[in-house]
Amino acid sequence: ARAQMNKSEILLLLFYRLLTEKSVNKAAFCCDAAISERSFYRYLNNIKSFSIEAGTGLEVSSDGEGNYFLKNSSPQKA
């Protein structure tokens with residue numbers, strides 16, 4: 001079994017999976033990373049904030065059934 005991951009590793013893993021997989025299932029990821037749902041949402045919020053600050057043009061979306069994915073956000077003008 002793999003040693004428990006630290007917060008940075010979990011955050012990077014979630015971001016990597018969002019980038020490379022069609023979607024990330026919340027329950028499965030929480031199980032894989034041995035984290036709570038509350039932690040999952042905290043990591044998602046970190047990724048959302050980073051994405052905005054870094055201008056990646058990506059936003060985190062959900063299908064409402066516990067699956068999360070990245071999509072290109074349309075540029076918005078003030």
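Quick caveat: nothing in here was measured; it's all calculated off a predicted structure. Keep in mind that the numbers below use all heavy atoms, side chains included, and drop hydrogens, waters and symmetry copies.
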Any non-hydrogen side-chain atom of [X] less than 4.5 Å from a side-chain atom of [Y]?
X	Y	result
N46	L14	no
L18	I47	yes
K7	L12	no
Y68	D63	no
L58	L19	yes

Quick one, L70 with V60, criterion side chain to side chain contact (heavy atoms under 4.5 Å, CB included). Give me CA distance, side-chain angles, the key distance, then yes/no.
CA-CA 5 Å; L70 289 176; V60 178; 3.8 Å; yes
For Y43, enumerate each residue passing the ring pair (Phe, Tyr, Trp, His ring centres under 6.0 Å) test, keeping only those at least two apart in sequence or located in another chain.
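Here no residue qualifies.
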Under the ring pair (Phe, Tyr, Trp, His ring centres under 6.0 Å) test, which residues partner F69, sequence neighbours left out?
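Not a single residue meets the ring pair (Phe, Tyr, Trp, His ring centres under 6.0 Å) criterion with F69.
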If I compare all heavy atoms of [X] with all of [Y], which pair ends up nearest, and what's the gap?
X	Y	result
S36	C30	O-SG, 3.7 Å
E59	S73	OE1-CB, 2.9 Å
S61	K71	OG-CE, 3.1 Å

Rounded to the nearest 0.5 Å, how far apart are [atom1] of [X] and [atom2] of [Y]?
X	Y	atom1	atom2	answer
F15	S51	CZ	OG	6.0 Å
I35	Q4	CD1	CD	10.0 Å
D32	M5	CG	CE	7.5 Å
N25	R17	CG	CZ	10.5 Å

Please name all residues satisfying side-chain contact (heavy atoms from CB on, under 4.5 Å) with Y16, sequence neighbours left out, ordered by chain then number.
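For Y16 the side-chain contact (heavy atoms from CB on, under 4.5 Å) partners, ignoring immediate neighbours, are T20.
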Donor-acceptor under 3.5 Å (S49 side chain, N45 main chain):
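It does hold such a pair.
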I'd like to know if E37 pairs up with K26 as an ion pair, taking the criterion as any Lys NZ or Arg NE/NH1/NH2 lying under 4.0 Å from an Asp or Glu carboxylate oxygen.
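Salt bridge between E37 and K26, a charged N being under 4.0 Å from a carboxylate O: yes.
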